[in-house]
2 protein chains.
Amino acid sequence: MGDAARLRDDSGYPERTYAIGELADEFGLTLRSIRHYEDEGLLSPGREGTVRVYDRRDRARLALICRGKRLGFSLTEIKEFLSLYDTDGAQVGQMRYLRRMARERIAALRRQLADVQQTLTELTDIDDQITRHLRRQGADDATNEEGSRS
Amino acid sequence: MGDAARLRDDSGYPERTYAIGELADEFGLTLRSIRHYEDEGLLSPGREGTVRVYDRRDRARLALICRGKRLGFSLTEIKEFLSLYDTDGAQVGQMRYLRRMARERIAALRRQLADVQQTLTELTDIDDQITRHLRRQGADDATNEEGSRS
DNA sequence: TTTCTCACTTACCTTTACGTAAACGGAAGG
DNA sequence: CCTTCCGTTTACGTAAAGGTAAGTGAGAAA
């Protein structure tokens with residue numbers, strides 16, 4: 001149990017850590033996936049012997065990875081993306097580069113935002129049409145009568 | 001040249017058609033991809049002999065396919081998605097189902113919208129931080145001084 | 001007629017993002 | 001001591017979405 005590595009934190013109290021299984025449960029991933037993200041260089045958790053030990057920042061990165069996946073990015077894109085989040089140790093030269101990357105991402109995300117919004121209005125239109133159609137037929141719904149507000 | 005299939009339209013004038021190469025150029029796809037979408041049942045263009053002939057509706061479907069891809073959906077998801085757009089010949093039973101599908105998609109898209117928006121604000125924050133950092137260093141930008149408005 | 005250009009099919013290849021199995025290690029508990 | 005649980009590595013498998021090559025055909029142009 002007792003060893004010195006328990007208090008490796010400036011703030012004086014031991015930081016909470018996570019096992020791979022915990023994170024897998026929390027984010028709905030498999031161990032394989034999380035390890036794969038590490039293989040691809042998106043994560044680099046500490047080790048206690050051979051066992052992976054994740055800290056608060058690893059967990060945050062994992063959350064970003066998941067969001068990136070939900071948005072349809074590839075692991076490679078997500079990797080670049082992640083580098084934008086830890087600019088803390090960057091040199092001035094790097095920062096210009098990172099800012100360019102950030103702005104490109106922003107532009108892409110705005111396009112995606114527009115796509116999502118347009119698709120949303122189209123689908124709510126379709127929903128409305130179907131609903132009106134069913135209503136005209138008197139064949140009205142048994143399912144919940146939830147509308148489609150933006 | 002002259003054959004009867006040129007006037008297959010109710011409206012009296014010949015509808016404009018597209019060759020596969022045209023569509024590929026227009027949407028920035030390869031022939032292979034377009035044919036692949038057909039293999040997967042997302043498109044079913046007419047044929048003139050062995051040659052594919054796309055009409056207005058095929059073209060519209062292709063546009064939807066591209067948008068779906070930009071949003072990160074798989075071809076299978078896009079296929080379901082497409083079926084929502086031609087409810088015209090559907091029976092009442094189908095319509096309930098389609099409406100359910102539409103509502104599921106809507107819910108998913110709203111989540112995606114939230115993800116995109118959050119990522120956007122985070123990245124604009126990062127952009128601002130970098131910009132301020134560079135400004136403090138006097139090492140200010142040579143690149144365009146475009147801001148990051150929402 | 002020969003040569004382009006565009007299109008077609010068939011078929012194997014590649015990349016991404018994991019799944020899955022085999023075999024092993026260490027700690028905890030009955 | 002043996003089992004169980006959690007983790008580890010190595011390595012082959014696989015589904016999705018196309019790339020790429022080989023060989024064919026048909027119409028237009030030189």
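All chains are named by letter (A, B, ...) in the order of the sequence lines, taking the proteins before the strands, and each is independently numbered beginning at 1. Fair warning: this is a prediction, and the values are worked out from it, not measured in the lab.
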Is any side-chain N or O of B/Y37 closer than 4.0 Å to OP1 or OP2 of D/dA17? no

A/S33 vs C/dG19: side-chain N/O to OP1/OP2 distance below 4.0 Å: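 So the side-chain polar atoms of A/S33 do come within 4.0 Å of the phosphate oxygens OP1 or OP2 of C/dG19, strictly under.
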
Just how far, in rounded Å, is [atom2] of [N] from [atom1] of [X]?
X: B/I78; N: D/dA17; atom1: CD1; atom2: P; result: 8 Å
X: A/D39; N: C/dT16; atom1: CG; atom2: P; result: 14 Å
X: B/L75; N: D/dA17; atom1: CG; atom2: C1'; result: 6 Å
X: A/E48; N: D/dC6; atom1: CD; atom2: C1'; result: 14 Å
X: A/E38; N: C/dC18; atom1: CD; atom2: C1'; result: 15 Å
X: B/L29; N: D/dG18; atom1: CG; atom2: P; result: 8 Å

Exactly one candidate in B/R32, B/R47, B/R61 meets salt bridge (Lys or Arg N to Asp or Glu O under 4.0 Å) with B/E38; the answer is B/R47

For the residue pair [X] and [Y], establish whether any side-chain heavy-atom pair is separated by less than 4.5 Å.
X: A/L23; Y: A/E26; answer: yes
X: B/R103; Y: A/L123; answer: no
X: A/Q129; Y: B/R99; answer: no

Evaluate A/R56 against A/E15 for side-chain contact (heavy atoms from CB on, under 4.5 Å), listing each step before the verdict. CA-CA 8 Å; A/R56 194 189 77 259; A/E15 194 189 329; 3.0 Å; yes

Under a 4.0 Å heavy-atom cutoff, the residues of residues 59-72 of chain B touching DNA chain C are none

Is there a path of hydrophobic side-chain contacts, each under 4.5 Å between heavy atoms, that joins A/Y18 and A/V53?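 Different hydrophobic clusters.
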
Linking I/L/V/M/F/W/Y whenever any side-chain heavy atoms sit under 4.5 Å apart, do A/Y37 and A/V51 land together?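 They do not share one cluster, since no chain of ILVMFWY contacts under 4.5 Å joins A/Y37 to A/V51.
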
Quick test: give all pairs of protein nitrogen or oxygen and nucleotides 7-10 of chain D nitrogen or oxygen below 3.5 Å, distance rounded to 0.1 Å.
unit_1	atom_1	unit_2	atom_2	d
D/dG7	OP1	A/G21	N	3.1
D/dT8	OP1	A/R52	N	2.8
D/dT8	OP1	A/R52	NE	2.8
D/dT8	OP2	A/R35	NE	3.2
D/dT8	OP2	A/R35	NH2	2.9
D/dT9	OP1	A/R47	NH1	3.0
D/dT9	OP2	A/R52	NH2	2.1

Between D/dG18, C/dG19, C/dA17, which nucleotide has the shortest distance from any of its atoms to the side chain of B/H36? D/dG18

Find out whether the Lys NZ or Arg CZ of B/R105 is both under 6.0 angstrom from the six-membered ring centre of B/F73 and within 45° of the ring's axis. yes

With a 4.0 Å cut-off, would you call A/R100 and A/E80 a salt bridge?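 A salt bridge is absent here (no side-chain N lies under 4.0 Å from a carboxylate O).
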
